[in-house]
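Remember, it's a predicted structure, so these values are computed and weren't measured experimentally. Each chain gets a letter, A, B and so on, in the order its sequence line appears, and its residues count up from 1.
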2 protein chains.
Amino acid sequence: MREEITADFLKVLGHPSRIKILTSLENGYKCVRDLESVVGITQSNLSQHLRILKDKGILEHERRGTEICYRIRDRNALDIIRFAEKLFTERG
Amino acid sequence: MREEITADFLKVLGHPSRIKILTSLENGYKCVRDLESVVGITQSNLSQHLRILKDKGILEHERRGTEICYRIRDRNALDIIRFAEKLFTERG
DNA sequence: TTAGTTTATTATAATATTATAATAAACTAA
DNA sequence: TTAGTTTATTATAATATTATAATAAACTAA
């Protein structure tokens with residue numbers, strides 16, 4: 001049971017686009033249109049990844065004028081990614 | 001590119017059976033037959049998960065008499081899991 | 001209102017992952 | 001050798017994930 005929850009969380013982090021989303025939100029809010037160019041996927045696909053991250057409580061969003069902006073809600077998610085990245089630079 | 005590698009690694013950890021395998025190997029070697037009862041999946045399925053973990057360099061194995069025993073090769077994998085687990089106990 | 005902009009949703013095809021069943025492979029021990 | 005034990009592999013069906021295309025929804029600003 002505990003393994004299911006942990007696995008589910010790691011699985012959500014285990015996608016390159018979602019990792020790009022999280023690392024590009026490291027320093028605060030970004031609207032969807034900006035994320036689109038940073039992450040380099042279609043608006044539709046991006047929106048789906050954002051929802052996956054939001055549903056897991058990793059992101060939150062708010063409207064700012066004409067745009068909707070996302071930011072990191074659970075900083076730990078980013079920490080896991082950073083930690084995993086560190087292992088690879090150490091490994092080679 | 002870097003994201004792909006990190007994502008690939010996290011994806012491998014994002015499965016309950018593979019998490020069970022890793023946590024049950026925390027203190028050293030275990031042969032496949034023992035893992036089978038701990039993890040609670042069929043021998044065939046277990047063997048496939050072991051191969052996935054071995055191919056990623058997370059596990060290694062050696063023959064001990066009639067059995068084949070696995071142990072953790074990349075301790076960092078377990079650290080990631082422990083870290084993720086910790087987040088949930090903190091969260092609630 | 002209406003046109004335009006931004007984001008979300010839905011349906012779906014393509015692909016990847018997983019578990020099962022059957023069998024093969026690699027041994028050991030008699 | 002041969003029988004028995006342990007583990008790996010293969011084929012495949014079931015399921016999950018992903019990206020695309022089309023469209024809807026939610027706004028803003030004129």
Side-chain angles (χ1 to χ4, degrees), chain A residues 1 3-22 24-25 28-73 77, chain B residues 1 3-22 24-25 28-73 77:
Chain A
M1 195 57 204
E3 292 88 5
E4 273 83 358
I5 297 172
T6 306
D8 206 42
F9 194 81
L10 290 174
K11 198 166 60 176
V12 164
L13 300 183
H15 189 289
S17 294
R18 292 195 285 268
I19 290 179
K20 280 183 194 166
I21 290 169
L22 285 169
S24 84
L25 290 175
Y29 280 103
K30 268 199 178 63
C31 74
V32 176
R33 213 160 44 90
D34 290 338
L35 282 172
E36 201 177 327
S37 58
V38 174
V39 179
I41 57 179
T42 64
Q43 181 272 315
S44 171
N45 194 10
L46 174 60
S47 189
Q48 292 176 77
H49 284 302
L50 288 172
R51 183 168 56 169
I52 290 169
L53 290 167
K54 186 168 49 101
D55 287 351
K56 271 279 170 296
I58 296 172
L59 294 184
E60 63 188 354
H61 68 285
E62 76 179 33
R63 178 169 285 276
R64 287 191 175 180
T66 157
E67 298 168 335
I68 289 182
C69 297
Y70 281 82
R71 72 166 170 184
I72 293 175
R73 183 172 186 234
Chain B
M1 195 58 203
E3 292 88 5
E4 272 84 359
I5 297 172
T6 306
D8 206 42
F9 194 81
L10 290 174
K11 198 165 61 176
V12 164
L13 300 183
H15 190 288
S17 293
R18 292 195 285 267
I19 290 180
K20 281 184 195 167
I21 290 170
L22 284 169
S24 85
L25 289 176
Y29 280 102
K30 269 200 176 62
C31 75
V32 175
R33 216 160 43 89
D34 289 339
L35 281 171
E36 201 177 328
S37 58
V38 173
V39 178
I41 56 179
T42 64
Q43 181 271 317
S44 171
N45 194 11
L46 175 60
S47 189
Q48 293 176 76
H49 284 301
L50 288 172
R51 183 168 56 169
I52 290 169
L53 291 166
K54 186 166 50 101
D55 288 351
K56 271 280 171 297
I58 297 172
L59 294 184
E60 63 188 354
H61 68 284
E62 75 178 33
R63 178 168 285 276
R64 288 192 174 178
T66 156
E67 299 167 334
I68 289 182
C69 296
Y70 281 82
R71 74 166 168 184
I72 294 175
R73 183 171 185 234

Pairs touching residues 35-44 of chain A that satisfy side-chain hydrogen bond (donor to acceptor under 3.5 Å, both in side chains), sequence neighbours left out: none

side-chain contact (heavy atoms from CB on, under 4.5 Å) filter on B/K20, not counting sequence neighbours, yields A/E3, B/V39

With sequence neighbours excluded, what pairs up with A/C69 under the side-chain contact (heavy atoms from CB on, under 4.5 Å) test? A/Y29, A/C31, A/R64

Stems in DNA chain D: runs of 3 or more consecutive Watson-Crick or G-U pairs, distances under 3.5 Å? C:1-30 with D:1-30

Can you build the contact string for nucleotides 10-22 of chain D? Use B for base contact, S for sugar-phosphate-only contact, and - for no protein heavy atom under 4.0 Å. B------SSBBBB

Residues in salt bridge (charged side-chain N to carboxylate O under 4.0 Å, His left out) with B/E4, at least two apart? none

For A/D8, check side-chain hydrogen bond (donor to acceptor under 3.5 Å, both in side chains) against everything at least two apart and list the hits. A/K56

Proximity to DNA chain D (any heavy atom under 4.0 Å), residues of residues 29-38 of chain A only: none

Contacts of B/V32 meeting side-chain contact (heavy atoms from CB on, under 4.5 Å) (sequence neighbours excluded), chain-then-number -> B/L46, B/L50, B/Y70

Restricting to pairs with a member in residues 37-55 of chain A, which pass salt bridge (charged side-chain N to carboxylate O under 4.0 Å, His left out), not counting sequence neighbours? none

Sequence neighbours excluded - ring pair (Phe, Tyr, Trp, His ring centres under 6.0 Å) pairs with any residue from residues 30-55 of chain A: A/H15-A/H49

Roughly how many Å is it from CD in A/E67 to P in D/dA26, rounded to a whole number? 19 Å

Residues at least two apart in sequence or cross-chain that pass salt bridge (charged side-chain N to carboxylate O under 4.0 Å, His left out) with A/R63, listed by chain then number, are none

